[in-house]
Structure formats: C-alpha cells, structure tokens
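What follows is a set of notes on a single structure, which appears directly below.
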Amino acid sequence: MSKGRAWPYAIGAAITLVFSFCIATIFITESSAIQESDAYMTKYQDADLNANDFIKKRMAFDILYKIEYITGKISGDSPVIAYRVTTKDGTVLNNATIKIAISRPETDKFDKTLENPSVDNGVYSFTMEKFPKQGVWNIIAKVSIDDIERFLNIKTDTRNPRSYEF
C-alpha cells in the first residue's frame, strides 16, 4: 500500500473509534444509578424542573405555619426524631403529614424512610431501633398540610449534640 492511500483508512478508523466511544458513553451513563436530591426527596432532574414550585410551596407554608426540629441530642441507639408543627399564632397542629428520610452524606447504603409518626399535642415523633453507623447524618423532613408542603433539612451527628439546618 502506498503512503498516499493510508491516511483515508486512518481517518475512517479514527471516526469509527470516536463514534464507538460516544455510543459506549451513552450506554454506561444510562445504566448508572441516579442519586436522589438532598433537598427534595426526589431525583435531581425532578428537583431541578420543579424548583420554583418547591420554593412557592415553602413560602406559602412559612406564611401560615411553623415547623421546628425539637430533637435534643440524638444518639445511635433508639433515637427519637421529633418535630413540632404549629400555626404562626402558636396553635398546635395534629393533622400534618410528615415523612422523613435519613441518609449518610457520602453513601446511600444506609438510607431509611420513616412515615407514620406518633403525634402528641403538635409534636411528631419518629422512633428507630438504631442508626446503622455512628457519625454524621442528613435528616430530611417533608411536611404536608393540605396542598402546602415544606422540606426541612437537618444535619446531625450521633457523636455530638450539634445539629443544624441546611
């Protein structure tokens, strides 16, 4: 084969190789697990698409209601996670629907979802057997009253009494 005829074959091979890599990339990314959003208990794509709706619902909730994370120190054994829901004037609410998701920041291996809390005078309590691992945990609560909802995101540590909203 002469030197003048080798370059069309090289270009054809390069184009085929690049096209093959593109197809392989598509198949690999489709099979990857989609992580849930840390803020809205849904896929990142849905959280991104509905971000304005989440913000509007939060603003509507904050005008009428107040939610507080009232758990003191949270331990690894028999933890109780509690929230208080009231109206702005201080009237307790016992008819809210609360669902919480508990996860580690670095992995979804230990994720848990808790529903159906015990309700006593506006205090919604979730009880677990124990946290699977000591350390930092994200606790995301979804509070719904009628068609208004709000998310409350707490980061806590089972080794320290500190927790804060993020």
Side-chain angles (χ1 to χ4, degrees), residues 25 28-166:
T25 301
I28 290 169
T29 55
E30 278 185 351
S31 66
S32 298
I34 296 175
Q35 297 290 324
E36 291 205 347
S37 168
D38 288 342
Y40 300 113
M41 293 179 169
T42 185
K43 293 186 280 187
Y44 282 113
Q45 294 86 345
D46 293 337
D48 189 40
L49 277 174
N50 300 314
N52 288 335
D53 293 335
F54 290 133
I55 293 168
K56 287 176 187 175
K57 287 180 180 180
R58 178 182 178 154
M59 290 168 48
F61 185 97
D62 288 344
I63 288 171
L64 300 173
Y65 308 108
K66 181 179 177 185
I67 180 168
E68 299 174 82
Y69 175 76
I70 59 172
T71 303
K73 181 179 178 186
I74 196 161
S75 68
D77 296 322
S78 300
V80 176
I81 301 166
Y83 296 89
R84 179 181 294 121
V85 181
T86 60
T87 61
K88 282 294 187 177
D89 64 0
T91 306
V92 297
L93 291 174
N94 292 322
N95 64 337
T97 303
I98 300 181
K99 174 181 171 181
I100 64 172
I102 300 168
S103 65
R104 297 280 294 185
E106 77 279 359
T107 182
D108 59 0
K109 181 179 174 184
F110 303 110
D111 288 4
K112 288 188 182 283
T113 301
L114 303 175
E115 299 182 54
N116 303 322
S118 62
V119 182
D120 182 33
N121 200 25
V123 176
Y124 296 77
S125 302
F126 296 88
T127 306
M128 293 176 50
E129 292 176 22
K130 66 182 250 175
F131 279 106
K133 189 175 178 183
Q134 291 289 323
V136 177
W137 290 87
N138 296 327
I139 304 172
I140 304 165
K142 178 182 180 182
V143 184
S144 302
I145 302 172
D146 299 326
D147 63 341
I148 300 172
E149 64 186 30
R150 185 188 194 295
F151 292 88
L152 182 66
N153 303 329
I154 301 294
K155 188 172 287 283
T156 190
D157 193 330
T158 57
R159 301 164 296 191
N160 297 329
R162 296 180 300 150
S163 53
Y164 58 91
E165 185 175 352
F166 68 98

Restricting to pairs with a member in residues 86-104, which pass salt bridge (charged side-chain N to carboxylate O under 4.0 Å, His left out), not counting sequence neighbours?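 Sorted result for residues 86-104: Arg104-Glu106.
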If you look only at pairs with a residue in residues 132-143, which of them pass as a salt bridge (charged side-chain N to carboxylate O under 4.0 Å, His left out), with sequence neighbours excluded?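 Sorted result for residues 132-143: Lys142-Glu149.
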Do side-chain atoms of Thr91 reach the backbone of Thr87 as a donor and acceptor pair under 3.5 angstrom?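 Side chain of Thr91 to backbone of Thr87: no pair is present.
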Any sub-3.5 Å donor-acceptor pair from Asn50's side-chain atoms to Asp46's backbone N or O?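 Such a contact is found between Asn50 side chain and Asp46 backbone.
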Would you check if [X] and [Y] make a side-chain contact, meaning some heavy-atom pair closer than 4.5 Å?
X	Y	value
Pro79	Phe131	yes
Ile154	Ile140	no
Lys112	Pro132	yes
Pro117	Ser125	no
Thr113	Ile102	no

Only counting residues at least two apart or in another chain, list the ones meeting side-chain contact (heavy atoms from CB on, under 4.5 Å) with [X].
X	value
Val136	Pro105, Lys155, Asp157, Arg159
Asp120	none
Asp48	none

Minimum heavy-atom separation for [X] to [Y], with atom names?
X	Y	value
Asn94	Gly122	OD1-N, 2.7 Å
Val143	Ala96	CG1-CB, 4.2 Å
Gly135	Thr158	N-OG1, 2.8 Å

Only distances under 3.5 Å count here; give the side-chain donor-acceptor pairs of residues 52-71 to other protein atoms, sequence neighbours excluded, each with its distance to 0.1 Å.
from	atom 1	to	atom 2	distance (Å)
Asp62	OD1	Arg150	NE	2.8
Thr71	OG1	Ala82	N	2.7
Thr71	OG1	Ala82	O	3.4

Set out, in order, the CA-CA distance, both residues' side-chain angles and the distance that settles side chain to side chain contact (heavy atoms under 4.5 Å, CB included) for Thr127 and Ile81, then state yes or no. CA-CA 6 Å; Thr127 306; Ile81 301 166; over 6 Å; no
Show every ring-ring contact (aromatic ring centres under 6.0 Å, His included) that has at least one partner inside residues 106-126, sequence neighbours left out.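 Sorted result for residues 106-126: empty, none.
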Rounded to the nearest 0.5 Å, what separation is found between the CD1 atom of Ile98 and the CD atom of Glu115?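 It comes to 12.0 Å.
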Once you round to the nearest 0.5 Å, how far does CG of Leu152 lie from CD1 of Ile100?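 Rounded to the nearest 0.5 Å, the CG-CD1 separation comes to 10.5 Å.
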